[in-house]
> 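Could you have a look at this structure, given as structure tokens, before my questions?
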Number of protein chains: 2
Amino acid sequence: MIESLPKVFSALADDTRWRILARLGEGPASASALARELPVSRQAIVKHLDVLRAVGLVESQERGREVVYRAVGGRLSDVARDLERIGSVWEQRLSRIKHMAERDG
Amino acid sequence: MIESLPKVFSALADDTRWRILARLGEGPASASALARELPVSRQAIVKHLDVLRAVGLVESQERGREVVYRAVGGRLSDVARDLERIGSVWEQRLSRIKHMAERDG
DNA sequence: CTTATGTGCAACTCCAGAGTTGCACATGAG
DNA sequence: CTCATGTGCAACTCTGGAGTTGCACATAAG
């Protein structure tokens, strides 16, 4: 679980991919449609969609001759849960160390 | 808020930075100490710590002649909250679109 | 049928950033 | 004081990945 996090973050690290995700968050779209709305070529869009699909943030479905993509919000929620868990563990450890330091002077 | 997310994820996208964070999650440490425990040079560690500090995932404090770093779990929880919010919005929109399609279909 | 539109594959450019080495300087430890 | 240890700054290499162009192919639209 935690092993796969860097991959997901790598996917979320790119501005263009965020724009794509934000757009797909409004509703499904094809690569060509996205290329018309964003200032990048269709081929670049496809590469980004491949990356997003590889980490489960996007799903694709063939519709006629088109390939329609849609954002997977549930995947984002999963990542959020992992992060929250890790962050709280850090906080607990840090406060425990602080208390020990204060006690020992 | 969402504008800063790509920066944070870019910081979290690197394996070495993740190892550094995991180590700091166990307790504070200096750059030299981290360099001894990880298979990278101290200078590389410092660069990573600068990146992590820039996005609030790590804080530094001068202790004598050393500079001690510690992980900021709260920052991670903030990011988690943002992600959860965004993901749930996507899910709501998608289900609404699906229902409309079924009704009209 | 003919054409416009959507995809897939491949080769290429380009640059950010991860990591290195080297050196100079400061300061706690002995 | 003397020396080991911790830092800071700078220049350099090198690889991954973002974006591009070009071409071939498939298929809905007219």
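If you're wondering where the values come from, they're calculated on a predicted model, not measured in any experiment.
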> Tell me: NE2 of A:His48 to C1' of C:dG8, nearest whole Å?
17 Å
> Would you kindly give the CG-to-C1' distance between B:Leu38 and C:dG19, to the nearest whole Å?
14 Å
> Is the side chain of A:Glu59 donor-acceptor paired with the backbone N or O of A:Ala71 at a distance under 3.5 Å, no angle test?
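Side chain of A:Glu59 to backbone of A:Ala71, a donor-acceptor pair under 3.5 Å: no, none is there.
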> If you compare every side-chain N and O of A:Ser41 against the phosphate oxygens of D:dG19 (OP1, OP2), does one of them come in below 4.0 Å?
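A:Ser41 to D:dG19 OP1/OP2: no side-chain N or O under 4.0 Å.
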> Between the base of D:dG22 and the side chain of A:Gln43, is there any donor-acceptor pair under 3.5 Å?
yes
> How many angstroms lie between atom CZ of A:Arg70 and atom OG of A:Ser60, to the nearest 0.5 angstrom?
9.0 Å
> What is the distance, rounded to the nearest whole Å, between atom CD of A:Glu62 and atom P of D:dA26?
14 Å
> I need the A:Ser30 OG to A:Glu66 CD distance, nearest 0.5 Å.
4.5 Å
> At what angle, to 10 degrees, do the two end axes of the helix from C:dC1-D:dG30 to C:dG30-D:dC1 meet, given five pairs define each axis?
30°
> Sub-3.5 Å donor-acceptor pair from the side chain of B:Glu91 to the main-chain atoms of A:Gly73, do we have one?
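Checking the backbone N and O of A:Gly73 against the side chain of B:Glu91, a donor-acceptor pair under 3.5 Å is found.
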> Are the side chain of B:Arg17 and the backbone N or O of B:Ser10 linked by a donor-acceptor pair below 3.5 Å?
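Checked: pair present.
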> Within the distance-only criterion (no hydrogens, no angle test), does the side chain of A:Arg23 pair as donor or acceptor with the backbone N or O of A:Leu34 below 3.5 angstrom?
no
> In this structure, how many angstroms lie between the C1' atom of D:dT7 and the CZ atom of B:Arg53, rounded?
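Computing the B:Arg53:CZ to D:dT7:C1' distance gives 12 Å.
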> DNA chain D: A:Ser10 or A:Ala44, which has the more 5' nearest nucleotide?
A:Ser10
> Show the distances under 3.5 angstrom between N or O atoms of the protein and N or O atoms of nucleotides 2-6 of chain D.
residue	atom	partner	partner atom	Å
D:dT5	O2	B:Arg65	NH1	2.6
D:dG6	OP1	B:Arg36	NH2	2.5
D:dG6	OP2	B:Arg36	NH2	3.3

> Figure out the CG/P separation between A:Asp14 and D:dG16, and round it to whole Å.
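Going from CG in A:Asp14 over to P in D:dG16 covers 17 Å.
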> Would you say C:dG19 has OP1 or OP2 under 4.0 Å from some side-chain N or O of B:Thr16?
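Affirmative; the distance criterion is met.
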> Please state how far atom CG in A:Asp50 lies from atom P in C:dC9, giving the value in whole angstrom units.
9 Å
> With a 4.0 Å cut-off, would you call A:Lys47 and A:Asp50 a salt bridge?
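A salt bridge is absent here (no side-chain N lies under 4.0 Å from a carboxylate O).
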> Any donor-acceptor pair under 3.5 Å joining the side chain of A:Lys47 to the base of D:dG19?
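Under the 3.5 Å cut-off, the side chain and the base do form a donor-acceptor pair.
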> Out of curiosity, A:Leu21 CG to A:Thr16 OG1, how far, rounded to the nearest 0.5 Å?
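So the gap between those two atoms works out to 11.0 Å.
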> When all nucleic acid strands are considered with a 4.0 Å heavy-atom cut-off, which category describes B:Arg17: base, sugar-phosphate, or nothing?
sugar-phosphate
> Measure the distance from CH2 on A:Trp18 to P on D:dA18 and round it to the nearest whole Å.
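One finds 15 Å between P of D:dA18 and CH2 of A:Trp18, rounded.
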> CD1 of A:Ile45 versus P of D:dT21: gap in Å, rounded?
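Interatomic distance, CD1 of A:Ile45 to P of D:dT21: 14 Å.
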> What orientation do A:Phe9 and B:Trp18 show, parallel under 30°, tilted 30 to 60°, or perpendicular over 60°?
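If you compare the ring of A:Phe9 with that of B:Trp18, the planes turn out tilted.
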